[in-house]
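Here is the structure we will look at, set down as structure tokens.
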Amino acid sequence: MSGTGAMEATVNNCILPKDKVLVVNGGTFGHRFCELLQRSSKDYQSIDLDWNETLTQSHLKPFENKGYTVFLVNLHETSSGKLYDIELISDFCKRNHILLIVDAISTFLADPYDMDKYGIAATIISSQKGLCCSAGMSVVALNPEMVERIQTSTRNCPYYYDFQFYIENMKRGQTPFTPAVTIAHEIDDVLNLIDKKGGLDSWLSDIKKKCLYFREKALEIGLDIPSYPKSVMLTPVYFKDNKASEVVSYLRDKYSIYVTPCGGKLANSLLRVCHLGDTSFADIDELVLRLKEVVKSN
Ligand SMILES: *Cc1c(COP(=O)(O)O)cnc(C)c1O
């Protein structure tokens with residue numbers, strides 16, 4: 001299933017009828033969590049942020065000691081490249097005895113990530129982002145507390161998505177239903193590749209180097225990169241004059257360079273440059289050269 005399927009399965013399995021849920025709604029993916037919570041009739045409160053607004057202590061303060069039991073966040077809000085402060089969120093959850101559920105789909109294998117250190121109860125990832133594989137397989141990693149919660153509760157969730165089946169079948173090294181086996185092979189290959197290239201730290205540091213290199217060059221030619229804390233998986237570029245979607249088409253049609261457009265309200269003002277996968281410094285130089293043409297023509 002795609003990442004959204006795993007988000008939905010997580011909402012259905014990890015959140016019980018007695019729970020009070022807090023969710024960060026700071027963009028497209030936060031909004032999606034809200035829609036999923038709504039559809040499954042969960043009791044939730046959203047922390048609504050503008051696309052370029054950073055989550056701070058002051059946003060969390062009103063919710064201290066208010067009996068919330070689950071916190072949902074898309075740690076990297078991919079729609080704008082915002083990376084929320086895991087330390088801030090984790091401290092809030094630990095202090096308030098709240099189960100922390102993280103959609104890490106677009107931060108895992110790009111930024112450092114540690115379930116144990118931050119007391120994360122469930123982590124959602126998907127094959128097509130940091131792993132750079134075909135879309136179609138998602139993984140939800142659960143800590144022991146969450147496994148126990150799922151095993152000992154009656155939840156009303158759809159049959160195919162019922163984590164109880166998956167936990168039970170893992171004991172015999174199987175999945176309950178046929179998974180996307182071809183993608184499992186791809187993932188195996190990528191994990192071996194990461195080992196071959198020096199392991200996780202060196203993988204992360206390569207992405208970061210490419211990211212920082214692009215950001216430096218982009219600023220040199222006068223591009224506008226929003227200043228909120230960002231994931232290194234991508235760089236958002238802001239266009240005051242509403243020409244972001246024109247730039248996306250220009251690069252694609254003239255040079256076969258693909259950068260990612262934004263949707264909705266941001267479509268004309270923001271585009272995103274991805275730093276994952278097999279891109280080289282020479283590719284970045286080429287992209288910057290072409291972006292310079294756009295800036296010049298202003
Ligand atoms: C890509 C992404 C998803 C999943 O999207 P699908 O298209 O359903 O795979 C979910 N959350 C975040 C933060 C993402 O970046």
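Read the numbers this way: they start at 1 and go in the same order the structure lists the ligands and their atoms.
- Looking at A104, G30, S2, it is S2 that brings a heavy atom closest to atom 7 (O) of ligand 1.
- From the protein, the heavy atom lying nearest to atom 3 (C) of ligand 1 is F29 CE2, 3.4 Å.
- With rounding to the nearest 0.5 Å, the separation of CG in D43 from CG in L37 is 10.0 Å.
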Checklist entry - Does the ring-ring contact (aromatic ring centres under 6.0 Å, His included) test come out yes or no for F33 and Y44, once each step is laid out? => result CA-CA 10 Å; F33 259 145; Y44 79 95; over 10 Å; no

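- Below 4.0 Å from some heavy atom of S106 lie the following atoms of ligand 1, by number and element: 13 (C), 15 (O).
- Distance check: F108 CZ to Y113 OH gives 9.0 Å after rounding to the nearest 0.5 Å.
- Closest to atom 5 (O) of ligand 1 among all protein heavy atoms lies T4 OG1, 3.7 Å.
- For the 3.5 Å distance criterion, the side chains of E293 and Y255 qualify, holding a donor opposite an acceptor.
- Considering backbone and side-chain atoms alike, D103 places an N or O below 3.5 Å from some N or O of ligand 1.
- Of the protein's non-hydrogen atoms, the one nearest atom 10 (C) of ligand 1 is I105 CD1, 3.3 Å.
- Both tests pass for K230 against the ring of Y228: distance under 6.0 Å to the centre and angle within 45° of the axis.
- In the vicinity of T78, heavy-atom distances shorter than 4.0 Å reach the ligand 1 atoms 12 (C), 13 (C), 14 (C), 15 (O).
- Between Y159 and F177, the ring planes are tilted. Angles from 30° to 60° get that label.
- Every atom of ligand 1 is numbered from 1 in the order shown, and the set under 4.0 Å from a heavy atom of K129 is 1 (C), 2 (C), 3 (C), 14 (C), 15 (O).
- Atoms of ligand 1 found under 4.0 Å from any heavy atom of G3, numbered from 1 in the order shown, are 4 (C), 6 (P), 8 (O), 9 (O).
- Numbered from 1 in the order shown, with element, the atoms of ligand 1 that lie under 4.0 Å from a heavy atom of H76 read 13 (C).
- Close N/O approach between S126 and ligand 1 is not found [any backbone or side-chain N/O within under 3.5 Å].
- Near Q128, the atoms of ligand 1 lying under 4.0 angstrom from a non-hydrogen atom of the residue are 6 (P), 9 (O).
- Not a single donor-acceptor pair under 3.5 Å links the side chain of D19 to the backbone N or O of V21.
- For the pair E35 and R32, the salt-bridge criterion is not met [side-chain N within less than 4.0 Å of a carboxylate O].
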